[in-house]
Protein chains: 2
Amino acid sequence: MFRFASGCVVNDRTDDSDGGLEPPARADRRVRADARRNLDTLLQTALSVFASSGVDAPVREIAERAGVGIGTVYRHFPQRSDLIAAVFRREIDACADAASVLSAGHKPFDALANWMQRYAAFVAAKRGLAKALHSGDPAFDSLPGYFDQRLRPALRTLLKTATDAGEIRADVDADELLGAVASLCMSAHNAGSGRAERMVALLIDGLRHGAKSS
Amino acid sequence: MFRFASGCVVNDRTDDSDGGLEPPARADRRVRADARRNLDTLLQTALSVFASSGVDAPVREIAERAGVGIGTVYRHFPQRSDLIAAVFRREIDACADAASVLSAGHKPFDALANWMQRYAAFVAAKRGLAKALHSGDPAFDSLPGYFDQRLRPALRTLLKTATDAGEIRADVDADELLGAVASLCMSAHNAGSGRAERMVALLIDGLRHGAKSS
DNA sequence: ACCTGAACACCGTTCAAGT
DNA sequence: ACCTGAACACCGTTCAAGT
């Protein structure tokens, strides 16, 4: 919906809550729904192509697989890095949204533990994008901020709920935990056979059983 | 005192245990002791210079601070990367040797916990060398192997002792633990104010209190 | 205004000379 | 044997002189 100076489509989430003012388009619900769905399948296709063929996969291939013209892709994402950033952002959203779902369906500690593994899987899957993110391309500039903005509150809420229920220690904050899990899951050191998951599980156990004071 | 094909002095630890054959020099204990001490202070100086000024610190400066001629440095370490490798190796040795000392002076779990923090500090301090190690310089080729060869048995022994004493869970192996702590301490994500140490502490708590089966 | 290259400072490395 | 440091080759950078 919003185009920044860079020309990149930044926000594909409904954002009707910011004050009462509304951008021009209003009546065409049908078209907007279609466009939304188009963009959705495009991003989903891009995600799977990136996952299987790497971030250097040709945009043309993504367009073909998504069943849209390449022009459509470039109309939404003027630079290939904009597409990558959008995919990343979408994944961040999915991970953040999972928090409330898990929170509703599980007891506090289980929700926390499940979410951390969910987050770990997200980071591990994005390991291929790591070098792209550090390329200095301005399309990625806002990603770290978005990462924090979405994921930190999500984890903070989970932590607070579990803390209030007395199920975990109270002296660890969301920020360092996000960083720790990210380190564990991005490192090449522990690639094989669920090593990272097991180490994250160890962290979680420490969270539950660790001493209140160190 | 072995010279490899590369010309680099590889071993500064007494290695009298490999069979019965002995290199030429034999009687001059006095001279060898002096040379050894020289080399020792040289390596120690290099360590502190690298720590304060970075790995790109000029060899000349190291020689001056160590109080030896620059020629002496180059006789021991034909390439500057050989000096870096030697410093690294020496630090690995120190860390590995700390295991038995801690083991002798503490109860099994405490020895393990202390050593892991010791190891964490070692990794964190060597974060500056990380990019040098990945430079592809053949002088560093043997370091990963040496790392495993020295550190893995050290941690394995600590783990086994603590496991046998029933103080920790039995389903975590030395290899993945070394990797996990390394990831935590090398990552830039958690730099400030003992974040890494606290996350390592969390791992240790998970080690002690985690479920026997996952 | 723009280009040039000798000059400078600094680096890693060598090696003849000293002990 | 071991150590030393002047000397060498090489680099990035500067800046007065030339156009």
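Chain identifiers are assigned alphabetically (A, B, ...) following the order of the sequence lines, protein sequences preceding nucleic acid strands; residue numbering begins at 1 within each chain. Bear in mind that the values here come from a model prediction, so they are computed numbers and not experimental data.
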Under 4.0 Å from any atom of DNA chain D, heavy atoms only: list the residues of residues 53-67 of chain B that qualify, in numerical order.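 Correct list: B:Arg60.
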Please work out the stems of DNA chain D from pairs that are Watson-Crick or G-U wobble with both distances under 3.5 Å, keeping only runs of three or more consecutive pairs.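 Stem list for DNA chain D: C:4-8 with D:12-16, C:12-16 with D:4-8.
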Can you tell me how far [atom2] of [N] sits from [atom1] of [X], to the nearest Å?
X	N	atom1	atom2	value
B:Leu83	C:dC11	CG	P	15 Å
B:Tyr74	C:dT14	OH	P	8 Å
B:His76	C:dT13	NE2	C1'	16 Å
B:Ile70	C:dT13	CD1	P	9 Å
B:Leu42	D:dC2	CG	P	15 Å
B:Leu39	D:dC2	CG	C1'	13 Å

Which sits closer to the 5' end of DNA chain C, B:Gly71 or B:Arg80, going by the nucleotide each is nearest to?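 Comparing both residues, the 5'-ward one is B:Arg80.
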Suppose you measure atom P in D:dC15 against the same atom in D:dC11; what distance do you get, rounded to whole Å?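 Going atom to atom, P in each nucleotide, I get 22 Å.
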Output all residues satisfying side-chain contact (heavy atoms from CB on, under 4.5 Å) with [X], sequence neighbours left out; order by chain, then residue number.
X	answer
B:Glu64	B:Arg60
B:Ser100	none
A:Ala96	A:Arg150, A:Leu151

Only counting residues at least two apart or in another chain, list the ones meeting ring pair (Phe, Tyr, Trp, His ring centres under 6.0 Å) with B:Phe122.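 For B:Phe122 the ring pair (Phe, Tyr, Trp, His ring centres under 6.0 Å) partners, ignoring immediate neighbours, are B:Phe88.
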It should be established whether B:Gln79 places a side-chain nitrogen or oxygen under 4.0 Å from OP1 or OP2 of nucleotide C:dG12.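 So the side-chain polar atoms of B:Gln79 never come under 4.0 Å of the phosphate oxygens OP1 or OP2 of C:dG12.
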Atom CZ in A:Arg198, atom CG in A:Asp205: separation rounded to 0.5 Å?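 Nearest 0.5 Å value for the CZ-CG distance: 12.0 Å.
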For the residue pair A:Leu143 and A:Ala85, what are the closest heavy atoms and their distance?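 Nearest pair, atom of A:Leu143 first, then A:Ala85: CD2-O, 4.0 Å.
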Heavy-atom closest pair, residues B:Glu176 and B:Asp171: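 For B:Glu176 and B:Asp171, the tightest heavy-atom pair comes out as OE2-O, 4.2 Å.
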For the pair B:Asp82 (side chain) and B:Gln79 (backbone), establish whether a donor and an acceptor sit closer than 3.5 Å, ignoring hydrogens and angles.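 Answer holds: yes.
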Could you walk me through whether B:Thr163 and B:Arg169 pass side chain to side chain contact (heavy atoms under 4.5 Å, CB included), step by step? CA-CA 6 Å; B:Thr163 301; B:Arg169 63 202 288 175; over 6 Å; no
